[in-house]
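See structure below.
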Amino acid sequence: MEFANLARTFEELERTSSRLTMIQLVTQLFSSIERPEEIQQVCYLMQGRVAPFYEALEMGMADKSVTKSIAQTSGKGAVVHKSARLADLLTQVDSVSAKYVVRILLGNLRMGIGDAAVLEALAKARWNDAKKRKLLEGAYHKTSDLGLIARTLWEHPGEDDAELAIAALDVQVGKPVHSQLAERLPTTEAIIARMGTVVAQYKYDGLRAQIHKD
């Protein structure tokens, strides 16, 4: 897959505020990718990264360095080396691609599409079933790695095999779990009922502990 195709999708995503349209665009993009390693990198790039968030792998280029690269000026040391490589890269891509290369380097991609929408697009591209997003979300909470989830999906051609492989992804030592928000409930009554269940469970656990103690 060429970066130009990805950049054009980025541009279309910027032009829309509709979440459904965004998911459709990303689903089409994912459906055009065949290689597992490519879908993995595309997911990272959609986050403005080249690796998962928990990996301390930063681009290390500030606004001034990028500006120098675009003006193709020279300097000293590591900054010059980075600038020279970026300047060479920018001469090999079209203007739309260059814009998003620079934004990724600056950590300023901001297309308005969240991880949940990307997971839904993966579910639709792989199974043509948006409801499978819940399965992917469970794996994402355990791994914090969109690229790993996408690669796992693409490494298993069979739909059932892909589902089993995703379900097998689990927490690993040294890798953070993804933070989760509290579940929303539709009404006050539902909240009170849930609180009652929690209190009852708390009392039950306390009673069991007392019985065992005695």
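Start at 1 with the first residue, then count along the sequence.
More than 12 non-hydrogen atoms from other residues, nucleotides or ligands lie less than 6.0 angstrom from CZ of R19. Other residues, nucleotides and ligands place more than 12 heavy atoms under 6.0 Å from the CD atom of Q92.
Residues D145 and P52 approach most closely at OD2-CG, 3.3 Å, considering heavy atoms. Considering all non-hydrogen atoms of both residues, Y54 and T143 come closest at CE2-O, 3.6 Å. Here the shortest heavy-atom pairing between L45 and L109 reads O-CD2, 3.2 Å. Here the shortest heavy-atom pairing between I149 and A139 reads CD1-C, 3.9 Å. Between C43 and V118, the shortest heavy-atom distance links the atoms SG-CG1, 4.5 Å. Pairing each heavy atom of F53 with each of Q47, the nearest pair is CE1-NE2, 3.2 Å.
Sequence neighbours left out, the pairs with a member in residues 100-113 that pass side chain to side chain donor-acceptor pair (under 3.5 Å) are E14-Y100, E14-R103, N108-R110. Contacts classified as salt bridge (charged side-chain N to carboxylate O under 4.0 Å, His left out) and involving residues 88-98 (residues at least two apart or in different chains) are not found. Annotation: side chain to side chain donor-acceptor pair (under 3.5 Å) contacts involving residues 155-169, sequence neighbours excluded, comprise K132-E163, R151-E155.
With sequence neighbours left out, A121 forms a side-chain contact (heavy atoms from CB on, under 4.5 Å) with I23, V26, T27, F30. For S95, there are no side-chain contact (heavy atoms from CB on, under 4.5 Å) partners, not counting sequence neighbours. Taking the side-chain contact (heavy atoms from CB on, under 4.5 Å) definition, one finds that S17 meets it with nothing, sequence neighbours left out. For R35, the salt bridge (charged side-chain N to carboxylate O under 4.0 Å, His left out) partners at least two apart in sequence or on another chain are E37, E38. By the salt bridge (charged side-chain N to carboxylate O under 4.0 Å, His left out) test, R133 pairs with E120, E137, sequence neighbours left out. Contacts of T21 classified as side-chain hydrogen bond (donor to acceptor under 3.5 Å, both in side chains), with partners at least two apart in sequence or in another chain: S18.
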Show me, pair by pair, the donor-acceptor contacts under 3.5 angstrom made by side chains of residues 5-12, not counting sequence neighbours?
| unit_1 | atom_1 | unit_2 | atom_2 | d |
| --- | --- | --- | --- | --- |
| N5 | OD1 | R8 | NH2 | 2.2 |
| T9 | OG1 | N5 | O | 3.2 |

Give every donor-acceptor pair under 3.5 Å between a side-chain atom in residues 164-176 and any protein atom, sequence neighbours left out.
none

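Rounding to the nearest 0.5 angstrom, the gap separating the CG atom in N128 from the CZ atom in R126 is 11.5 Å. Here CG of L122 is found 10.5 Å from CG of D115. Values are rounded to the nearest 0.5 Å.
Within the 4.5 Å cutoff, the side chain of E34 has no heavy atoms near those of the W154 side chain. Put simply, the side chain of L136 reaches to within 4.5 Å of the side chain of W127, judged on heavy atoms. Annotation: side chain of M111 is in contact with side chain of M46 (closest heavy-atom distance under 4.5 Å).
M1 and Y44 are assigned to two separate hydrophobic clusters, defined by single-linkage of ILVMFWY side chains at heavy-atom distances under 4.5 Å.
Under the side-chain contact (heavy atoms from CB on, under 4.5 Å) rule, V101 has a single partner from L106, L86, V96, which is L86.
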For L153 and I39: C-alpha separation, side-chain torsions, deciding distance, then whether side-chain contact (heavy atoms from CB on, under 4.5 Å) applies.
CA-CA 9 Å; L153 285 174; I39 191 72; over 6 Å; no
